[in-house]
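Here the structure is a predicted model, which means the values were calculated and not measured. Numbers restart at 1 for each chain; the letters A, B, ... are given by sequence-line order, proteins then strands.
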Amino acid sequence: MDAQYKPFEIERDAQRFWETHQCFKAIEDASREKFYCLSMFPYPSGKLHMGHVRNYTIGDVVSRYQRMQGRNVMQPMGWDAFGMPAENAAIQNQVPPASWTHQNIDTMREQLKSLGFAYDWSREFATCDAEYYRWEQWFFTKLVEQGLVYKKMSTVNWDPVDQTVLANEQVIEGRGWRSGALVERKEIPLWFLKITDYAEELLADLENIDWPEQVKTMQRNWIGKSRGVELSFDTRSNDGTDLEPLSVYTTRPDTLMGVTYMAVAADHPLARSAATDNPALGDFLAECAQGGTSEAELATREKKGMPTGYSALHPLTGRELPIYVANFVLMEFGTGAVMAVPAHDQRDWEFATRYGVPIEPVIADADGRTPDLTSGAHVEPGALINSGEFDGLDFEAAFEAIAARLSEMGRGEVKTNYRLRDWGVARQRYWGAPIPVKYGPEGQTVPLSDAELPVSLPLEVTVDASGSPLKKMPEFSDLGDGWVRETDTFDTFMESSWYFARFCCADNDSAMLDERADYWLPVDLYIGGIEHAILHLLYARFFTKLMRDFGLIQTDEPFQRLLTQGMVIAETYYRPTANGGKEWFNPADVEVSRDDKGRPLNATLVADGQPVEMGGIEKMSKSKNNGVDPQAMIDRFGADTVRLFMMFAAPPEQSLEWSDSGVEGAHRFLKRLWRLVAEHLAAGEPGRLESESLSDEQRELRRKTHETIHKASDDIGRRTTFNTAIAAVMELANAAGRFDDTSTGGLAVAREAIETCVLLLSPITPHVCHALWSELGHEEAAVDASWPRLDESALARDTIELVVQVNGKLRARLEVAADADKESIESQAMNHENVQRHLDGKTVRKVIVVPGKLVNIVVG
RNA sequence: GCCGGUGUGGCGGAAUUGGUAGACGCAGCGGAUUCAAAAUCCGCCGCUGUAAAAGGCGUGUCGGUUCGAGUCCGACCACCGGCACCA
């Protein structure tokens with residue numbers, strides 16, 4: 001064989017082989033166990049970035065591993081092709097979003113192919129294809145018929161200069177990112193999907209899926225199930241006339257006697273009514289309507305309020321309570337009003353302290369005393385005080401007693417509440433799937449019939465910064481006879497909520513899904529960024545249940561197992577600029593000098609030799625100019641090296657720091673592996689492996705081989721810690737390299753070790769393993785080889801090493817027979833010279849023997 | 001602000017169920033090979049200490065549980081992800 005590792009030839013040949021033999025075309029076969037492996041499909045933003053490479057390498061490693069386990073594997077790929085960046089590019093470069101998107105797809109498809117991923121490309125689609133989104137439109141009309149869709153007023157970010165709706169991302173410090181104008185909150189009618197109808201099932205079914213606990217916890221908290229009481233307060237205007245009762249929800253009815261004021265949202269009807277003859281309040285409401293709608297912005301805003309002059313009557317005492325407007329109460333949330341108990345809620349406490357509202361404790365502290373409220377609220381539940389007949393009751397009893405009293409009076413009921421809100425799916429944008437609805441001359445709202453579908457998006461458009469182009473295209477929106485089309489498009493989360501199902505039967509042009517979906521679903525392993533832990537993953541779960549209830553599929557959950565991969569990060573370098581900003585330099589253009597211990601001293605720009613500042617390690621991004629181009633790395637080292645480095649440098653869930661020298665190390669290992677095989681083949685023909693009559697050295701290498709099979713199988717199959725699997729294979733390769741027994745028996749043991757290395761690595765570095773497997777004389781291609789089988793008998797040992805501790809500190813190591821009994825281990829440990837030194841003059845109080853591990857002698 | 005996470009040598013990380021802290025790799029240092037360099041191979045490599053041992057210290061900080069804590073508990077600090085129109 002060629003003594004030199006030539007990655008480019010090898011990779012070209014392997015990829016050609018897989019393509020000619022259609023190795024990765026997945027065919028439904030009820031007699032075989034299926035494995036559906038899916039990585040989150042990319043948004044075609046231009047070029048592949050390192051985050052994609054990491055995501056798709058993980059998926060490919062698992063797919064190829066499962067294939068070697070004998071499973072019928074399906075790994076598809078497609079494009080999440082609708083979204084804002086295409087519109088932004090269109091505004092900047094005067095390119096229609098469709099052609100920009102398709103060009104990007106072509107570029108990125110080529111890049112994916114150069115990485116050798118085992119995709120079934122026959123299932124590929126882009127979500128901007130009408131053949132895809134027509135089914136989404138069709139399904140939406142069915143949901144309308146089912147009563148799972150409705151239209152209601154909702155708040156959006158309004159740019160008063162560009163006259164357009166802005167995404168939260170486009171609101172920077174309360175201003176429009178293009179116009180710089182102060183953003184206003186504006187109410188417009190929008191389409192909603194009733195995800196809240198499924199809140200309970202979305203919560204309960206988390207028990208049945210194999211997801212990271214942290215993701216499940218985030219989803220649970222997002223759904224936010226709580227048990228509380230909904231109650232109403234009578235209200236009066238400042239002149240004493242009765243108004244509509246004010247309804248609130250509380251999870252702490254036990255604190256009811258401590259309510260000292262009420263707070264309503266700025267857009268609550270009560271607030272609006274109070275503002276009609278109160279200009280100062282009107283100004284405050286206008287101030288509250290400024291800025292973005294995002295919860296992060298609202299929650300970090302300075303908490304402000306103003307009295308309405310109206311009052312509420314306490315349902316039990318009849319006491320008059322002032323009603324405030326507060327900028328932290330949201331109309332979207334619950335009833336848009338809260339009862340405030342400043343003694344036992346920190347936010348209420350801060351508000352009351354600021355505005356001089358009374359703070360009255362009604363819950364005792366842990367010692368049963370009146371809590372100290374000088375520096376904050378006392379939020380822990382406890383026994384009631386200052387609450388009349390309810391005094392002394394604990395949280396549970398008080399909850400029930402007060403709820404029962406309110407219920408008797410017809411003023412309130414126990415209620416289960418969810419934090420989850422319905423899903424607003426309408427966007428006032430062009431580059432998305434048109435919402436299939438029309439409006440009649442008498443104000444009718446009618447979902448389109450099957451015959452009227454699909455509503456194709458017109459592709460030749462001029463996009464500018466002022467609103468949706470569809471609104472300005474009568475040829476699209478005007479249907480004649482006074483009928484007009486809806487010009488809003490779907491949230492792009494709609495497309496990504498069911499694409500995994502469409503991959504099962506992407507070629508069906510007469511139905512959304514067919515029985516093939518039931519063969520492949522659920523996805524056995526789904527891989528993607530942790531940033532999708534809530535929204536995308538929750539919407540996809542919801543959509544799955546909708547499709548199930550409509551009879552399209554049978555599965556309850558889309559993704560049985562989930563792997564959330566970490567970010568790819570890299571060092572940043574900059575120079576301060578004259579205007580106080582920073583000019584960022586790409587790590588590829590910077591050289592770092594180090595001291596004699598390898599610590600970085602300083603960095604210089606290669607181009608001019610002048611120093612640059614080190615800005616710390618950050619997520620790879622355009623803004624910090626610290627992105628490393630995957631293509632440049634593939635062109636330099638080959639795909640296998642890039643894949644190996646990405647899998648080796650960190651476990652998949654953690655962030656991965658890019659390191660050029662780490663990549664070189666990975667490349668070096670592949671060269672060494674190549675040479676290992678070449679030298680082994682040159683050493684002669686191995687004989688038969690006689691596992692019963694091996695020398696000690698042969699037995700030791702063979703044990704290492706099978707220990708490695710054991711570890712790598714567990715690491716890849718169960719733990720998905722590819723880094724430790726690779727480390728184990730490196731150890732085995734190092735051991736095989738040191739092994740210089742060239743007898744026919746020795747060569748047989750070496751052959752087994754080397755073939756094991758090649759097979760265990762083949763999911764990770766498939767090209768080089770394809771070539772090496774063939775060099776090792778196998779007719780069958782590596783891609784069709786089975787995963788190595790573990791021989792338990794090869795793991796047996798005669799002696800094992802134990803450590804001896806004295807008071808928990810390591811003092812000696814012992815080599816003992818594997819079957820040694822406790823007494824002999826204890827006496828060997830006691831008699832060890834160094835142990836004796838530490839026992840000298842002390843009394844042995846206890847000896848702990850952990851079989852196979854250690855002995856701890858406790859002395860005093 | 002709220003929800004979730006992370007923190008171990010000069011660096012990436014390993015230690016899977018409470019039981020040897022630092023596997024594997026990178027960087028660095030020393031040597032071999034070479035006319036020389038690259039490549040390759042061999043050795044050393046937490047801090048401190050010693051002639052060499054022994055020993056002491058050490059997993060963000062402070063405290064606790066335990067024969068034994070990177071791992072469990074409490075408080076704190078720093079950083080990261082998400083917060084419903086970025087995808």
Side-chain angles (χ1 to χ4, degrees), chain A residues 40 42-43 45 80 83-85 156-157 165-171 190 212-215 217-218 220-222 224 293-301 303 328 332 347 420-424 426-429 491-493 496 529-536 538-539 564 566-567 569 594-600 616 618-619 645 648-651 653-666 668-669 671-672 675 711 714-715 718-719 721 723-724 726-731 734 801-805 807-810 813 834 837 845-848 850 853-854 856-859:
Chain A
M40 290 181 186
Y43 178 79
S45 53
D80 187 15
M84 284 202 313
V156 294
N157 302 305
V165 175
L166 298 178
N168 285 336
E169 188 193 48
Q170 299 172 308
V171 179
L190 292 178
E213 214 38 62
Q214 46 156 317
V215 176
T217 304
M218 282 191 264
R220 272 186 208 110
N221 293 340
W222 186 262
T293 57
S294 82
E295 200 191 317
E297 191 179 328
L298 293 167
T300 49
R301 196 174 278 180
K303 286 164 193 59
F328 55 83
E332 284 81 11
R347 194 178 59 185
L420 182 68
R421 309 200 298 262
D422 277 335
W423 176 14
R427 300 289 180 268
Q428 298 68 52
R429 277 184 240 297
D491 177 3
T492 57
F493 275 127
S496 55
I530 182 73
E531 67 272 19
H532 295 290
I534 295 174
L535 293 180
H536 162 58
L538 190 66
Y539 292 144
T564 51
M567 298 177 304
I569 56 181
R594 293 168 187 282
D595 70 7
D596 61 3
K597 294 219 163 169
R599 298 185 194 97
E618 305 252 13
K619 179 177 177 166
F645 169 71
F648 180 59
E653 317 238 33
Q654 276 180 38
S655 59
L656 179 150
E657 189 185 327
W658 187 263
S659 149
D660 283 339
S661 52
V663 181
E664 282 166 35
R668 234 175 354 242
F669 173 72
K671 284 198 280 189
R672 213 157 58 226
R675 205 167 46 240
K711 174 147 181 66
D714 189 45
D715 285 353
R718 181 182 63 91
R719 298 210 302 154
T721 54
N723 56 327
T724 52
I726 294 166
V729 175
M730 284 175 170
E731 283 190 55
N734 291 344
E801 193 191 68
L802 287 186
V803 301
V804 185
Q805 299 177 335
N807 283 348
K809 285 189 186 279
L810 178 71
R813 292 166 195 277
N834 201 43
R837 196 187 358 248
R845 308 225 179 261
K846 203 196 242 181
V847 179
I848 293 148
V850 182
K853 290 253 160 92
L854 58 73
N856 188 14
I857 303 165
V858 185
V859 297

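Using a 4.0 Å heavy-atom cutoff across all strands shown, A/V729 reaches no nucleic acid atom at all. Looking at heavy-atom distances under 4.0 Å, A/P42 makes no contact with the nucleic acid at all. Base engagement by A/F493 is indicated by at least one non-hydrogen atom pair under 4.0 Å involving a base atom. Looking at heavy-atom distances under 4.0 Å, A/A728 makes no contact with the nucleic acid at all. Across all strands, A/E657 comes closer than 4.0 Å only to sugar-phosphate atoms, never to a base (heavy-atom distances). Residue A/E332 is out of contact with every strand shown, counting any heavy-atom pair closer than 4.0 Å. If you check every strand for non-hydrogen atoms under 4.0 Å, A/W222 touches a base. Among the atoms of the strands shown, only primed sugar atoms or phosphate atoms (P, OP1, OP2) are found under 4.0 Å from some heavy atom of A/S655. Residue A/G529 is out of contact with every strand shown, counting any heavy-atom pair closer than 4.0 Å. Contact annotation for A/L298: no contact, since no heavy-atom pair falls under 4.0 Å across all strands. Using a 4.0 Å heavy-atom distance criterion, A/A649 is classed as a sugar-phosphate-only contact. Using a 4.0 Å heavy-atom criterion, one finds that A/V156 contacts the bases of the nucleic acid, with or without backbone contacts as well.
Under the 4.5 Å side-chain criterion, counting only non-hydrogen atoms from C-beta, A/L190 is in contact with A/Q428. Looking at A/T564 and A/P212, their side chains come closer than 4.5 Å, going by heavy atoms from C-beta outward. Side-chain atoms of A/N723 and A/D715, non-hydrogen and from C-beta on, never get closer than 4.5 Å to each other. By the 4.5 Å heavy-atom criterion applied to side chains, A/L656 and A/F645 are counted as neighbours. The side-chain heavy atoms of A/L420 and A/W222, taken from C-beta on, include a pair separated by under 4.5 Å.
When the C1' atom is used for both B/C24 and B/G18, the distance is 25 Å, rounded to whole Å. Comparing B/A39 with B/G28, their P atoms sit 11 Å apart, to the nearest whole Å. The same atom, P, is picked in B/G74 and in B/A21; the two are 26 Å apart, to the nearest Å. Taking the C1' atoms as reference points, B/A75 lies 37 Å from B/C26, given to the whole Å.
Of the two residues near RNA chain B, A/L166 and A/V850, the one whose nearest nucleotide lies more 5' is A/V850. Taking for each of A/L656 and A/G83 the nucleotide of RNA chain B with the nearest heavy atom, the 5'-most of the two is the partner of A/L656.
Between A/I569 atom CD1 and B/G12 atom P there is a gap of 9 Å when expressed in whole angstrom units. Distance, A/L538 CG to B/A87 C1': 16 Å, rounded to whole Å. Counting to the nearest Å, the C1' atom of B/A84 and the CD1 atom of A/I534 are 9 Å from each other. Per the geometry, CD belonging to A/E653 stands 14 Å off C1' belonging to B/U16, to the nearest Å. Atom CG of A/L810 and atom P of B/G56 are 11 Å apart (whole Å). Between the C1' atom of B/C57 and the NZ atom of A/K809 lies a distance of 8 Å, rounded to the nearest Å.
Interface remark: the A/R813 side chain does form a donor-acceptor pair with the B/U20 base, using a distance-only criterion of under 3.5 Å. No donor-acceptor contact under 3.5 Å links the side chain of A/R675 to the base of B/U40. For A/K711 against B/U16, a side-chain N or O and a base N or O form a donor-acceptor pair under 3.5 Å.
For A/R668 and B/C26, the shortest distance from a side-chain N or O to OP1 or OP2 is below 4.0 Å. Residue A/T492 has a polar side-chain atom (N or O) positioned under 4.0 Å from OP1 or OP2 of B/A87. Distances shorter than 4.0 Å separate some side-chain N or O of A/N168 from OP1 or OP2 on B/A84. When the side-chain nitrogen and oxygen atoms of A/K853 are compared with OP1 and OP2 of B/A15, none of them lie within a distance under 4.0 Å. A close approach under 4.0 Å does not occur between any side-chain nitrogen or oxygen of A/R672 and OP1 or OP2 of B/C24. Residue A/N834 places at least one side-chain N or O closer than 4.0 Å to OP1 or OP2 of B/G55. One finds no side-chain N or O of A/N723 lying less than 4.0 angstrom from the OP1 or OP2 phosphate oxygen of B/G25.
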Review item, nucleotides 66-75 of chain B N/O atoms under 3.5 Å of protein N/O:
from  : atom 1 : to     : atom 2 : distance (Å)
B/C67 : O2     : A/N856 : ND2    : 2.6

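For A/S661, the side-chain atoms get nearest to B/A27 when compared with the rest of B/A84, B/G19, B/A27. Comparing atom distances between the A/N221 side chain and each of B/A23, B/C3, B/G13 picks out B/C3 as nearest. Here B/G81 is the nucleotide among B/C86, B/U16, B/G81 with the atom lying nearest to any side-chain atom of A/M567. For A/M730, counting side-chain heavy atoms from C-beta on, the closest listed nucleotide (B/U20, B/C24, B/C83) is B/C24. Set against B/G25, B/C83, B/U16, the side chain of A/E295 has B/C83 as its closest nucleotide. Counting only heavy atoms from C-beta on, A/E801 has its side chain closest to B/U20 among B/U20, B/G56, B/A84. When the nucleotides B/G1, B/A87, B/A15 are ranked by their closest atom to the side chain of A/T300, B/G1 comes out on top. Minimum atom distance to the side chain of A/H532 is reached by B/A87, of the listed B/A84, B/G19, B/A87. Closest to the A/K671 side chain, of the nucleotides B/U20, B/U40, B/C57, is B/U40. The nucleotide whose nearest atom lies closest to any side-chain atom of A/Q654 is, among B/C3, B/G12, B/G13, B/G13.
With a glycosidic angle no more than 90° from 0, B/G9 adopts the syn conformation.
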task: Please lay out, stage by stage, how A/R220 and A/E213 fare under the test salt bridge (Lys or Arg N to Asp or Glu O under 4.0 Å).
output: CA-CA 10 Å; A/R220 272 186 208 110; A/E213 214 38 62; 3.5 Å; yes
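For A/N807 (side chain) and A/V859 (main-chain N/O), a donor-acceptor pair under 3.5 Å exists by modelled atom type.
Take A/Y539 and apply the ring pair (Phe, Tyr, Trp, His ring centres under 6.0 Å) test, not counting sequence neighbours, and it matches A/W423, A/F493.
The pair A/R301-A/E297 meets the salt-bridge criterion, with a side-chain N (NZ, NE, NH1 or NH2) lying under 4.0 Å from an Asp/Glu carboxylate O.
A/S496 and A/D80 form no side-chain donor-acceptor contact under 3.5 Å, judged by distance and modelled atom types alone.
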